[in-house]
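See structure below.
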Amino acid sequence: VWSHHVVNEASCVIHLPLLPSHSLSLSLVPDRVVFLPGAFQNLSLSQNETVQVEVSRIQSDTAYITLQFHTQHQNTTLANTRVRRSTTEFDPGLLSRLDPGQTAMALFLSTSEPVSGIGVILPYSSSDPVPGACNVNFDLDIDPNIYIHYNLYETTIRFALANLGYGRGELPPACSASSAQDSHWRLEYDVFQFFLPENDLSERSLFRALQAVADTEGMVSNGNKLQTLSSADQTVAVFSSIPGQGVIYSVIVRDPLLNTSASYVPVHTYACSFSSSLDGCYTLGKISTKVFFTISGLAGLFICFLGHRFFKCELFCMGFSFSAFFFFVLISRTTDLDYDLRLALCALIGVMGGVALVMGWWRFGSVMACVIVVGLMMGFLIASTVLFTPLGDLDIFRHSDAVFWVTFCSIMITVPLVFIRWPREGNITTCGVVGAYAVVLGVNAYIYTSLSYITSAFTDVPFQGIDYILLTVWVVLGVSGIILQLLRERERPFFPPSPYLMWLQERERRKTNVLDPSHHFPPLPNRFLSRLRQLTRRSEPAGEHTPLLL
């Protein structure tokens, strides 16, 4: 890919043959750039510059064209004229209908800051659907753009309905037509996703990926189809955000009757900001997050190898994890609190949950109740892992929330039922698996890994080299911890007794066993008052002492 700058010097026009799969040189004159259909081209603009984009060599069988221009993180504006019908985005696009006999046209590209990007003109025939031609929600009359919004947890894309294709000089089919096979209601929309390489925030990597998926054939071949929407569905799709991971989203509209298709303008996101110094793409990983998950990783390592031996510590960690996780999900869904405050509240609630679980076992001594809570933790992780695999990509799970959650809850509840039959083995297994996963989360605070998204529902993430390494670490740590604890605990009681019940038994024994010296001790209040009297009275001489005879 060559990079070209718009210059204001001698006029120079370069006409090159059409090579659809390669980047071509630009035709440059003052404030003018000539694009050829199907050719990807790099372009750099200076601050507050407007460039006239001329499209040439349009074939006679082309009914309309779309112009895409992509930058990594700078806004650019595309317009049909200098003053109206414009769109400003990182990935702006315009669709232009052609008049009979038209072989060239002009558009305008402008920016308020220095920018470099890649653009392409895509031609479509009269039988291809027209993306965004039945737009009622956005500003453009025909809007082929996908509008993306993200936060730390969710990424949402929206787009306008398409219309049936039509030829040059013809009137477009009515968008207000009833649901029928001869109207736009027969169109279907495939939502695609394409991942950039992990930990790669380079502009070059983004532009290379956009060249691979900018058109229909490229996205179908290289992308991952997430869902299919009908014209009666809402044109909205929601996905889990993956901060720091580049993702390209696209929508392919299909006409099942004519077997034709067209692509909306792809959009990309990293779920982070390139311009913000706080939570920016280059400063991901807050100090608070690193501290929190570093401590969690160390605690997980302890639980992995020593959890069952130190039962109270294990219960505290399990109660902490159970409470903190669900409270974090709850407040993230219902409030807009600052991240650090949210994390602090989750830590506080987690401590309370851990203490409550330990005190419940200390007071009531119900091992089974504790094992059920521990089993739910294990069941949650197993269910999340099963549905994180390609099994979770089945259409039956994507198209039905009820089926997904029934399957998830069934797996989650089955595990505690198994633990009731083998409580010690189940508890040790949970210590190994959950503790080792906490170590992986601790590593994720410093090195990105897709394994940290196992517990996120409906999350498609890339699985690359670092993920296989950490998956191996998880398995090795978990198996080692389980085997070590099973060998070490095989001669010991299944679970330690409740301290409170032991104290009650000891107190009852002291009351009834008159031979026990502790039976003759005065009550604690009497001993306390006696000690105070000794401090306030002067001791009297005891007189002569007679030594004891041996």
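The model shown is predicted, which means the values in this text are computed figures rather than measured ones.
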So does [Y] get a backbone contact from the side chain of [X], meaning a donor-acceptor N/O pair under 3.5 Å?
X: H149; Y: T156; value: no
X: R158; Y: N137; value: no
X: H268; Y: Q72; value: yes
X: N444; Y: S452; value: no
X: D255; Y: S127; value: no
X: R168; Y: A63; value: no
X: D143; Y: G132; value: no
X: S46; Y: E49; value: no
X: S56; Y: V34; value: no
X: W474; Y: V439; value: no

So [Y] and [X], do their side chains get closer than 4.5 Å, heavy atoms only?
X: Y166; Y: P173; answer: yes
X: S96; Y: N80; answer: yes
X: V267; Y: Y147; answer: no
X: I58; Y: Q102; answer: no
X: F69; Y: T71; answer: yes
X: H70; Y: P266; answer: yes
X: F40; Y: F207; answer: no
X: L67; Y: V55; answer: no

Output side-chain donor-acceptor pairs under 3.5 Å for residues 381-388, partner residues at least two apart or in another chain, one line each.
residue : atom : partner : partner atom : Å
S384    : OG   : F380    : O            : 2.8
T385    : OG1  : L381    : O            : 2.7

Gap separating the [atom1] atom of [X] from the [atom2] atom of [Y], nearest 0.5 angstrom:
X: L122; Y: Y64; atom1: CG; atom2: OH; result: 9.5 Å
X: C134; Y: W185; atom1: SG; atom2: CH2; result: 8.5 Å
X: I118; Y: L43; atom1: CD1; atom2: CG; result: 10.5 Å
X: S296; Y: L441; atom1: OG; atom2: CG; result: 7.5 Å
X: T228; Y: E188; atom1: OG1; atom2: CD; result: 7.0 Å
X: R57; Y: F35; atom1: CZ; atom2: CZ; result: 14.5 Å

Kindly give the heavy-atom pair with the smallest separation between [X] and [Y], and that separation in Å.
X: L164; Y: V130; value: O-CG2, 3.8 Å
X: N145; Y: P92; value: OD1-C, 3.5 Å
X: V265; Y: G93; value: CG2-CA, 3.8 Å
X: G38; Y: V120; value: C-CG2, 4.2 Å
X: P172; Y: N163; value: CB-ND2, 4.3 Å
X: L330; Y: T334; value: O-OG1, 2.8 Å

Item to check | Residue pairs fulfilling disulfide (SG to SG under 2.5 Å) with at least one residue in residues 204-267, sequence neighbours excluded | outcome: none
Next on the checklist: Would S450 and E198 count as a side-chain hydrogen bond (donor to acceptor under 3.5 Å, both in side chains) here? Give the steps.
Outcome noted: CA-CA 9 Å; S450 298; E198 287 182 338; 2.9 Å; yes
Item to check | CG (N48) with more than 12 external heavy atoms under 6.0 Å | outcome: yes
Checklist entry - Is the count of non-hydrogen atoms from other residues, nucleotides or ligands lying under 6.0 Å from I396 atom CD1 greater than 12? => result no
Next on the checklist: Looking only at the side chains, is there a donor atom on one of T260 and Y124 sitting less than 3.5 Å from an acceptor on the other?
Outcome noted: no
Checklist entry - Does the side chain of S116 come under 3.5 Å of the side chain of E203 through a donor N or O and an acceptor N or O? => result yes
Checklist entry - Can you list the steps and then say if T216 with S263 is a side chain to side chain contact (heavy atoms under 4.5 Å, CB included)? => result CA-CA 5 Å; T216 303; S263 174; 3.6 Å; yes
Checklist entry - Per the side-chain contact (heavy atoms from CB on, under 4.5 Å) rule, which among I142, L78, L109 passes with L94? => result L78
Checklist outcome for this item: Checking Y453, Y150, Y270 against S241 for side-chain contact (heavy atoms from CB on, under 4.5 Å), the one that qualifies is Y150
Item to check | Stepwise side-chain hydrogen bond (donor to acceptor under 3.5 Å, both in side chains) check, Y249 with T269 | outcome: CA-CA 8 Å; Y249 293 99; T269 180; over 6 Å; no
Item to check | Worked check of side chain to side chain contact (heavy atoms under 4.5 Å, CB included) between F239 and Q227 | outcome: CA-CA 11 Å; F239 313 98; Q227 56 184 303; 3.8 Å; yes
Checklist entry - Should V291 and S288 be marked as a side chain to side chain contact (heavy atoms under 4.5 Å, CB included) after you check the CA-CA gap, both sets of side-chain angles, and the distance that decides it? => result CA-CA 5 Å; V291 171; S288 57; 5.9 Å; no
Next on the checklist: Once you measure the plane-to-plane angle for F408 and F404, does it fall in the parallel (<30°), tilted (30-60°) or perpendicular (>60°) bin?
Outcome noted: parallel
Next on the checklist: I'd like to check the ring pair (Phe, Tyr, Trp, His ring centres under 6.0 Å) partners of F192; sequence neighbours left out, ordered by chain and number.
Outcome noted: none
Checklist entry - Does the pair L196 and L206 meet the rule for a side chain to side chain contact (heavy atoms under 4.5 Å, CB included), with working shown? => result CA-CA 7 Å; L196 302 181; L206 172 64; 4.0 Å; yes
